[in-house]
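Atom set for the values below is all heavy atoms of this structure, side chains included, hydrogens, waters and symmetry mates excluded. As the structure lists them, so they are numbered: ligands from 1, and atoms in each ligand from 1.
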Amino acid sequence: MYIENVKKEMNLPEKVRIFDTTLRDGEQTPGVAITPDEKIRIAKRLDRLGVDVMEVGFPAASQGERKAAREIKSLGLNAQVCGLARVLQEDLDAALDSDVDYIHTFVGTSPLHREYKLHMSQEEILSKSVEAVEYIKDHGLIAEFSAEDATRTEFEFLKNVYSAVEDAGADIINVPDTVGVMVPTSMQRLIKNLKEVVKIPISVHCHDDFGLAVANSLVAVEAGAEQVHATINGLGERAGNASLEEVVMALVTSYGVKTNIKTEMLVGTSELVSRITGVKMPPNKAIVGENAFAHEAGIHVHGVLEKAETYEPLKPEMVGHTRRIVMGKHTGARAIRSKLDDYDIEMDEDQFCSLYDQVKKLGDKGKMVTDADLQALAETVLGRPKEEKVKLEGFTVMTGDNVLPTATVKLNIDGRIKTTAKTGVGPVDAAINAIQSLVRETADIELKEYNIEAITGGTNALAEVFVIMADKEGNSATGRSTVEDVVMASVEAVLDAINKILIGR
Ligand code: KIV
Ligand code: ZN
């Protein structure tokens with residue numbers, strides 16, 4: 001494979017550390033607020049997932065942040081528990097007060113931040129940074145230093161700041177692409193150049209403003225970064241941070257680089273974070289999206305059923321996902337047969353053709369056929385009598401406000417065409433009354449039970465109607481139909497039952 005040849009030329013590390021910032025930068029996602037209890041639930045899950053460090057908040061921000069950090073620390077997790085702090089005494093004290101074992105301290109270094117936000121000179125920023133790192137180290141904690149907006153900072157100044165904090169005892173430096181302006185080539189070069197300046201490990205923190213956070217994190221690793229900041233589901237300020245699940249799976253599968261993440265827990269973790277934060281994943285989200293391992297097109301499904309790798313870059317179980325074969329207009333007969341096998345549904349060729357036809361028709365109308373839809377359609381096809389004494393030739397219904405619901409039904413009964421119109425409490429009742437009245441000359445068949453269910457959500461959901469009908473002689477039969485129109489489903493179910501009774505007489 002081409003990628004294998006390229007990999008040989010890369011100087012990749014054996015392992016990369018994952019610094020999770022879901023509970024800090026992730027919580028800065030617009031509209032997201034996580035309560036201390038919810039933070040604890042997520043922290044426990046992140047620990048089981050295997051993150052190396054979890055940044056649990058910004059302790060200076062509130063009592064709640066400090067309390068949550070303290071409680072998380074008291075859980076005795078395997079991961080290091082980190083708090084964020086500006087290079088300010090009060091922030092550092094708040095972090096110390098929250099019992100964390102790791103402080104991530106930062107200051108803006110770019111001209112924009114210096115001039116408009118901080119109103120500080122390069123010299124002031126440099127000395128504050130050194131003081132902050134010394135303060136953290138004096139208290140015996142791990143110190144990670146970030147030059148905020150590093151990627152828009154003059155390289156000479158950036159080198160000076162990072163060298164100064166290294167001399168002050170920082171354990172690791174972090175390079176934030178605060179507004180996501182880097183492209184892979186520039187990110188790779190920046191990390192390479194910084195590797196020539198500092199000896200301590202380098203970490204990266206990439207934002208996704210141009211959709212490049214994951215790519216920029218990966219090239220940073222190629223250039224020598226040993227730690228990546230990431231968030232579950234790519235949550236974070238504005239367009240978010242590098243998504244943990246994407247970074248980890250690319251590292252593991254494309255580069256063959258290890259992490260401590262238990263990849264089979266990724267989907268469950270993504271779902272937990274999504275439920276708690278209320279941020280739903282788009283279906284096509286890489287790795288954890290609902291469609292990440294779903295196949296609809298006939299050609300793809302054929303390939304996947306023969307050998308999954310034809311259209312899957314990794315096994316779904318590896319990330320805790322499951323393969324899904326989705327029925328729609330691209331679905332081939334093979335995929336439908338495989339689903340029927342899964343549900344132990346057997347049918348003859350005519351029945352299968354009728355089912356296949358219905359799936360295609362629904363697909364042409366733009367509808368996805370879910371597993372539940374397919375099972376209901378199959379049950380309907382299987383239950384249908386082979387012979388029809390009463391056939392529907394057509395019907396219309398009229399209903400509305402201040403209108404008496406009326407149905408006109410045209411049936412072919414034993415070769416004779418009959419039509420009638422009847423009223424009812426609603427269009428379904430009117431249609432069933434009309435059918436019963438037309439059939440009455442042949443047999444007096446009554447409706448004994450009527451059930452309707454929408455199989456999947458939405459106003460275009462398939463309606464499944466189930467009826468029980470009986471004649472005066474005590475012959476009874478069930479009838480079933482599954483279509484999108486509730487009146488049509490009711491008419492078909494009633495005729496299904498009537499035909500069964502008439503054939504069985
Ligand atoms: O994006 C950023 O620059 C940050 C800093 C606090 C490191 O989140
Ligand atoms: Zn950030």
Considering only heavy atoms of His104, which atoms of ligand 1 have at least one such atom less than 4.0 Å away?
7 (C)

Counting only nitrogen or oxygen atoms and a 3.5 angstrom limit, does Asp25 reach ligand 1?
yes

Pair Glu14 + Lys258, salt bridge at N-O below 4.0 Å:
yes

Is there a nitrogen or oxygen of Ser146 sitting under 3.5 Å from a nitrogen or oxygen of ligand 1?
no

Please round to the nearest 0.5 Å and tell me the distance separating atom CG of Asp101 and atom NZ of Lys73.
3.5 Å

Any salt bridge between Glu226 and Lys195, counting N to O under 4.0 Å?
yes

Which residue and non-hydrogen atom of the protein lie closest to atom 4 (C) of ligand 1, and at what distance in Å?
His205 NE2, 3.6 Å

Short version for His207: what comes under 4.0 Å of ligand 1, heavy atoms counted, is side chain

Return yes if a side-chain donor-acceptor contact under 3.5 Å exists between Asp25 and His205, otherwise no.
yes

For atom 3 (O) of ligand 1, what is the closest protein heavy atom, and at what distance to 0.1 Å?
Thr178 OG1, 2.6 Å

Please work out, at 4.0 Å between heavy atoms, whether the side chain, the backbone, both, or neither of Arg24 comes within that distance of ligand 1.
side chain

Taking the Zn ion (ligand 2) as the vertex, what is the angle from OD2 of Asp25 to NE2 of His207, given to 10 degrees?
100°

When you look at Ile125 and Arg114, which way does the side chain to side chain contact (heavy atoms under 4.5 Å, CB included) test go after all the steps?
CA-CA 8 Å; Ile125 285 169; Arg114 294 194 312 258; 3.2 Å; yes

Please identify which of these residues, Glu271, Glu245, Glu290, meets the salt bridge (charged side-chain N to carboxylate O under 4.0 Å, His left out) condition with Lys285.
Glu245

